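Since the structure is predicted, the reported quantities are computational estimates derived from the model, not experimental observations.
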Amino acid sequence: MPNTKNTITSVLKEETEVDILSNIGQLTELDTTSKTRVLAVAEIEILKTKFYGVYEKTENGMAFLVAPTSPTSPKEYKIKEIIKELTDYGVDENAFKEKLNSILPKDKADQFEEISITLNTLFFYRLQENNKPAEYEYAFSIQINLDEFADIGFAKLEKVSLSIWNTQREKVIEQMNLKSINEYLNDY
């Protein structure tokens, strides 16, 4: 004689799984008939800078955003701090330093650890409205302070920065710490 309780539980479980799977499918599809809304937010930290990661779905479409949590001054992150954190997660610090010493002269290997990285901004926005092409905005700005690492006596490379963007949002651009060629020329 079959166990009625187990049979009912099994049938309910299968139907529930089907309902859940079909609802997940609805969350990812962009259709104007769905009233399902989704808002997912995560706070993340990259190179000592905090960001929001936000996904939102409405009946009009969906959007994805990565943006700084606040427009504060970016913080420097030294290579030696990164090495220390990696060793906390199982990376062999001695093996890492041996590899570094095999690539660089001893004095440069020590100086390499003093290099600092500053993530001025990381911004990404994607908007996908129903039946329209997706729109993208982005901004990325990073600065690397080479300290004494790139000093060869008669020449020294102190800082390198890279900024890429297409956004027109003033706060994002302000946070990137940009200086155009014209601004450099105005100094003369």
Side-chain angles (χ1 to χ4, degrees), residues 3-79 81-91 116-145 160-180 183:
N3 184 334
T4 309
K5 181 179 177 184
N6 286 344
T7 304
I8 292 172
T9 304
S10 177
V11 169
L12 288 175
K13 182 180 176 195
E14 287 176 18
E15 287 182 12
T16 304
E17 286 174 357
V18 169
D19 288 344
I20 290 171
L21 291 174
S22 66
N23 284 337
I24 289 173
Q26 288 177 359
L27 295 178
T28 58
E29 294 175 10
L30 292 176
D31 72 54
T32 54
T33 61
S34 175
K35 299 292 182 194
T36 303
R37 293 173 175 260
V38 177
L39 179 62
V41 181
E43 278 192 43
I44 55 177
E45 186 174 305
I46 303 170
L47 297 175
K48 292 188 178 180
T49 305
K50 292 186 178 189
F51 296 92
Y52 289 119
V54 183
Y55 170 81
E56 183 176 26
K57 183 200 173 291
T58 67
E59 68 269 4
N60 297 326
M62 66 171 216
F64 179 71
L65 173 69
V66 174
T69 56
S70 65
T72 59
S73 299
K75 296 174 180 71
E76 285 189 346
Y77 201 47
K78 291 196 179 266
I79 297 292
E81 293 175 278
I82 295 171
I83 294 169
K84 169 70 173 104
E85 289 181 12
L86 289 173
T87 59
D88 291 345
Y89 290 97
V91 173
S116 62
I117 301 169
T118 305
L119 182 58
N120 291 329
T121 198
L122 174 64
F123 174 82
F124 178 79
Y125 176 58
R126 179 183 188 263
L127 175 63
Q128 174 73 57
E129 293 180 317
N130 295 328
N131 305 319
K132 292 184 182 177
E135 297 175 22
Y136 296 91
E137 287 182 48
Y138 55 86
F140 173 76
S141 183
I142 192 166
Q143 179 177 307
I144 302 170
N145 184 350
V160 176
S161 61
L162 174 67
S163 298
I164 302 169
W165 73 99
N166 77 345
T167 188
Q168 298 299 313
R169 297 177 189 271
E170 289 181 31
K171 286 187 178 183
V172 174
I173 292 172
E174 184 180 302
Q175 189 172 11
M176 292 175 71
N177 229 0
L178 300 172
K179 188 172 179 181
S180 69
E183 290 172 305

Step-by-step side chain to side chain contact (heavy atoms under 4.5 Å, CB included) determination, Ile164 to Leu162: CA-CA 7 Å; Ile164 302 169; Leu162 174 67; 4.2 Å; yes
Which is it for Thr118 and Asn145 under the side chain to side chain contact (heavy atoms under 4.5 Å, CB included) test, yes or no, and what are the steps along the way? CA-CA 8 Å; Thr118 305; Asn145 184 350; over 6 Å; no
Check against side chain to side chain contact (heavy atoms under 4.5 Å, CB included), Ile82 and Ile117: CA-CA 10 Å; Ile82 295 171; Ile117 301 169; 4.3 Å; yes
Side chain to side chain contact (heavy atoms under 4.5 Å, CB included) between Phe140 and Ile142: does it pass, once the steps are laid out? CA-CA 7 Å; Phe140 173 76; Ile142 192 166; 3.7 Å; yes
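Smallest separation of non-hydrogen atoms from Ala63 and Leu127: CB-CD1, 4.1 Å. Closest heavy-atom contact between Thr87 and Lys84: OG1-O, 2.6 Å.
With values rounded to the nearest 0.5 angstrom, Asn131 atom CG is found 10.5 Å from Glu129 atom CD. Rounding to the nearest 0.5 angstrom, the gap separating the CG atom in Leu119 from the OH atom in Tyr77 is 12.0 Å. From Asn60, atom CG reaches atom CZ of Arg37 across 7.5 Å, with rounding to the nearest 0.5 Å. To the nearest 0.5 Å, atoms CD1 (Ile83) and CG (Asp88) are separated by 12.0 Å.
Not counting sequence neighbours, Glu170 has no partner by the side chain to side chain contact (heavy atoms under 4.5 Å, CB included) test.
By the neighbour-count criterion of 12 heavy atoms within 6.0 Å, atom NZ of Lys179 is densely surrounded, having more than that number from other residues, nucleotides or ligands.
Applying the side-chain hydrogen bond (donor to acceptor under 3.5 Å, both in side chains) test to pairs two or more places apart or on separate chains, those with a residue in residues 134-143 are Asn120-Ser141, Arg126-Tyr136, Glu137-Thr167, Glu137-Arg169, Ser141-Ser163.
Contact check for Tyr55 versus Val38: side-chain heavy atoms found under the 4.5 Å cut-off.
A side-chain donor-acceptor contact under 3.5 Å links Glu183 to the backbone of Ser180.
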Donor-acceptor contacts under 3.5 Å from residues 44-52 side chains, at least two apart:
| residue | atom | partner | partner atom | Å |
| --- | --- | --- | --- | --- |
| Lys48 | NZ | Glu81 | OE2 | 2.6 |
| Thr49 | OG1 | Leu47 | O | 3.4 |

